[in-house]
2 protein chains.
Amino acid sequence: MCNTSNVESSQDQSQLLKGVLDLAVLAVLADEDGYGYDVVRRLREGGLEGVAEASVYGTLRRLFVDGLLSSYVVPSDEGPHRKYYALTKDGRKRLVSMTSSWATFAEAVERIVNRK
Amino acid sequence: MCNTSNVESSQDQSQLLKGVLDLAVLAVLADEDGYGYDVVRRLREGGLEGVAEASVYGTLRRLFVDGLLSSYVVPSDEGPHRKYYALTKDGRKRLVSMTSSWATFAEAVERIVNRK
DNA sequence: TGGAAGTATTGCACATTGCATAGTAGTACG
DNA sequence: CGTACTACTATGCAATGTGCAATACTTCCA
């Protein structure tokens, strides 16, 4: 008597995340500079509970390589050093364009799903 | 003097689609049985204008293999035969669970993006 | 002293999936 | 007969999220 939909729902998330992680990470960093471990926490608190650490670190590196993020290292008393990331000018532009992409996309999905 | 955000916005879509195509195709077929070429049209009319034919055919095959769709061939006077797909019982269950996954996910993204 | 736990980052191999491309085939129109 | 539109299939590529292992620093407890 065990419905598997919960399991399936969790697995869905990793595919749904594709493309959206960039947006989510940029949005979180626009709010305030942050380092990987911290960004993970903020995303999970925001509702993306399933997000894996490796995904966030990978995304940060990619966005950095693309020139959307700058970074600086800050030593910490409570553990290893922290690599902070901040939005660049291009990063802010990209955040704006991705936000509107997302809005358009989400509307289309709602339209298709909710049309009975 | 040419802003590239439009180009970028279009490119975003193919990543955003990941995982959502399953949901969109199931939703469209729940409305009414359909064949590949027709499903493509309906998705585009619904707002997913960039979706590629190969993606839809691939998704249909995958959902069929997974037992979420059944299929039957109907000859056509206006061209080649048409392979119709219909939701199975499992398909309907999956549609329900994916719809709720999507809702939860979209809410989380909105929350993260719109938190100033 | 030593070891577990929490913090913080990196690298790699892997699976999924959307897409471009090419090919096959039927109908219709000029 | 060639072009266009319809309709489906197969192949290989590219992007990206994830698991896993490794490294390393700090605190705390036995």
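Chain letters run A, B, ... following the sequence lines, proteins first and then strands; every chain starts at 1. Side chains included, hydrogens not; waters and symmetry mates left out as well; all remaining heavy atoms used.
Side-chain contact check for A:Asp38 and A:Tyr84: no donor-acceptor pair (N or O, by modelled atom type) lies under 3.5 Å.
Heavy-atom nearest nucleotides on DNA chain D were determined for A:Asp22 and for A:Gly79, and the one closer to the 5' end corresponds to A:Asp22. Along DNA chain D, the nucleotide nearest A:His81 and the nucleotide nearest A:Leu21 are compared for position; the residue whose nucleotide lies closer to the 5' end is A:Leu21.
The distance from atom CZ of A:Arg44 to atom P of C:dT7 is 11 Å, rounded to the nearest whole Å. The interatomic distance linking B:Leu16 (CG) with C:dT16 (P) rounds to 21 Å, in whole Å. For the pair B:Arg62 CZ and C:dC19 P, the interatomic distance rounds to 12 Å; values are reported in whole Å. Rounded to whole Å, the distance from CD on A:Glu78 to P on D:dC28 is 11 Å. Atom CG in A:Leu60 sits roughly 11 Å away from atom C1' in C:dT9 (whole-Å rounding). Atom CD in A:Glu53 sits about 13 Å away from atom P in C:dG6, given to the nearest Å. The OH atom of A:Tyr35 sits 17 Å away from the P atom of D:dC25 (whole-angstrom rounding). For B:Phe64 and D:dC8, the CZ to P distance is 14 Å, given to the nearest whole Å.
Considering only side-chain N and O atoms, A:Tyr57 lies under 4.0 angstrom from the phosphate OP1 or OP2 of C:dT9. At the phosphate of D:dA7, OP1 or OP2 sits under 4.0 Å from a side-chain N or O atom of B:Arg41. Contact between the side-chain N/O atoms of A:Arg61 and the OP1/OP2 oxygens of C:dT9 is not found at any separation under 4.0 Å. Checking the phosphate oxygens (OP1, OP2) of C:dC19, no side-chain nitrogen or oxygen of B:Lys18 falls inside 4.0 Å. Look at B:Arg82 and you won't find any side-chain N or O under 4.0 angstrom from OP1 or OP2 of D:dC8. At the phosphate of D:dT18, neither OP1 nor OP2 sits under 4.0 Å from any side-chain N or O atom of A:Ser14. Side-chain N/O atoms of B:Thr59 include one lying less than 4.0 angstrom from OP1 or OP2 on C:dG18.
The only member of A:Asp22, A:Val25, A:Leu23, A:Leu29 that meets side chain to side chain contact (heavy atoms under 4.5 Å, CB included) when paired with A:Leu95 is A:Leu23. For the side chain to side chain contact (heavy atoms under 4.5 Å, CB included) with B:Leu48, the lone residue among B:Val56, B:Leu17, B:Val28, B:Leu16 that qualifies is B:Leu17.
Within 4.0 Å of B:Asp38, counting heavy atoms only, lies no atom of the nucleic acid at all. Nucleic acid contact class of A:Ala54 (heavy atoms, under 4.0 Å, all strands): base. Residue contacts for A:Gly19: at a heavy-atom cut-off of 4.0 Å it reaches the sugar-phosphate backbone alone, with no base atom in range.
Taking only side-chain atoms of B:Pro80, from C-beta outward, the nucleotide of D:dT18, C:dG18, C:dA25 with the closest atom is C:dA25. For A:Gln15, counting side-chain heavy atoms from C-beta on, the closest listed nucleotide (C:dT16, C:dC19, D:dA15) is C:dT16.
Taking all atoms of both residues into account, the shortest heavy-atom contact from A:Ala24 to A:Leu43 is CB-CD2, 3.8 Å. Nearest heavy-atom pair across A:Glu53 and A:Arg44 is N-NH2, 4.2 Å.
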Does A:Arg111 form a side-chain contact (heavy atoms from CB on, under 4.5 Å) with A:Glu107? I'd like the steps, not just the answer. CA-CA 6 Å; A:Arg111 200 177 307 129; A:Glu107 277 169 31; 4.0 Å; yes
